[in-house]
Each structure stands twice: as structure tokens, then as C-alpha cells.
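If you read the sequence from its start, that first residue is 1, and numbering goes on from there. Every number for a ligand or one of its atoms is a count from 1 in the order of the listing. FYI, side chains are in, hydrogens and waters are out, and symmetry mates aren't considered; it's all heavy atoms of this structure.
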Amino acid sequence: MTYDSDNIFAKILRGEIPCHRVYEDEQTLVFMDIMPRADGHMLVIPKTPCRNLLDADAAQLAAVMMTAQKVANVAMGVFAADGVTVQQFNEAAGGQEVFHLHFHILPRRTGDALRPPGIMADPDMLAEQAARLRAAVTAA
Ligand code: 5GP
């Protein structure tokens, strides 16, 4: 399996399509999932190419996991969450739809189910949530 540089997250990294950015450092980018399954649903990606967990190198995995921990902790506060679900899918048979490594960060409240997949969010709501998360990451 090879990396396709035309995947949607590669286009986001190149600035060819927009996203609601939450956080970035030299090696990683975090932005809002456009079809969130929970309030505050974010995606954490490496800035360098790899399809998924199966071909990522140690540096990519380390960077992505450190960023995932950072934004998960921030989301706990911003969304008054009781927990966080982290999801990651590999290849189509494993449930992957976008072939650039990403981790889903899903703030969870006790008793709340995840929303069904495939429902586009209101862009204004995503912008507002991203702004709250950005402010909290900066303050952390
Ligand atoms: P997965 O590959 O982990 O199964 O799912 C890909 C995720 O990317 C889905 O949760 C989907 O909502 C999200 N997604 C797909 N296209 C876009 C996009 O253009 N922008 C953003 N922000 N998220 C996207």
C-alpha cells in the first residue's frame, strides 16, 4: 500500500482545502472532524506522509500520541467531559476512509452515545468549538 498525496488530509496540510484548526506544532496538526460523532470530535495527524499505523515510523507515532494526549486533556475541560474515546482505523477493511494516519479524539459524557457517522456539522458550531479549544490549548 502506498501513500496517495491527493488524500483529503494531505490537501488540508497543503492548505488546499479549509479546516477548523485547533493546534499545531512542527510535527502534528489537530482540526475538527467535519462529521463529528461527539461535541469536540477532533482529528490528530502527522504533518509528514503515512497511510496509517501500519506504515508510520516511530517519530510520527510518538509525535501524534503526545499531541493526542495534550488535546484530549484540554477537551476534558472545554467540554466538561467525563472521559475521552480515542479511535484509529487501518485500511478499508479496518474501517479507514481517509488514508493519512489520524487519531479521532472524542470527548465523552457519562451515558451519552456517539452520534451516527456521516452527518455534516454546522460550520459555525465547529468554528466556535475550535476557538474554545484553541484558547484552552494556548492557556494550558
Ligand atoms: P476514518 O478514515 O477514520 O474512518 O474517518 C475519516 C474521518 O475524517 C471521518 O470521521 C470524517 O468525518 C472525517 N473527514 C472526512 N472528510 C473530511 C474533511 O474534508 N474535513 C474534515 N475536517 N474531516 C473530514
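- The main-chain N or O of M1 is never found under 3.5 Å from a side-chain atom of E91 such that the two would form a donor-acceptor pair.
- The only member of H41, R37, Q87 that meets side chain to side chain donor-acceptor pair (under 3.5 Å) when paired with H104 is H41.
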Which donor-acceptor pairs under 3.5 Å do the side chains of residues 114-124 make with protein atoms, sequence neighbours left out?
residue, atom, partner, partner atom, Å
R115, NH1, D39, OD1, 3.4
R115, NH2, D39, OD1, 3.4
D122, OD1, D124, N, 3.0

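- Here the two rings, on H100 and Y3, have centers that are under 6.0 Å apart.
- Considering only residues two or more places apart in sequence or on other chains, E16 meets the salt bridge (charged side-chain N to carboxylate O under 4.0 Å, His left out) condition with R14.
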What short N/O contacts, under 3.5 Å, does ligand 1 make with the protein, listed by atom pair and distance?
residue, atom, partner, partner atom, Å
ligand 1, 2 (O), E97, N, 2.6
ligand 1, 2 (O), V98, N, 3.0
ligand 1, 2 (O), H102, NE2, 3.0
ligand 1, 3 (O), H102, NE2, 2.5
ligand 1, 3 (O), H104, NE2, 2.6
ligand 1, 4 (O), G95, O, 2.8
ligand 1, 4 (O), E97, N, 3.3
ligand 1, 10 (O), D33, OD1, 3.3
ligand 1, 10 (O), D33, OD2, 2.5
ligand 1, 12 (O), D33, OD1, 2.5
ligand 1, 22 (N), M32, O, 2.9
ligand 1, 23 (N), I34, N, 3.4

Please tabulate, for the side chains in residues 63-79, all donor-acceptor contacts under 3.5 angstrom to protein atoms that are two or more places apart in sequence or on a different chain.
residue, atom, partner, partner atom, Å
T67, OG1, T28, OG1, 2.7
T67, OG1, A63, O, 3.2
N73, ND2, Q69, O, 3.2

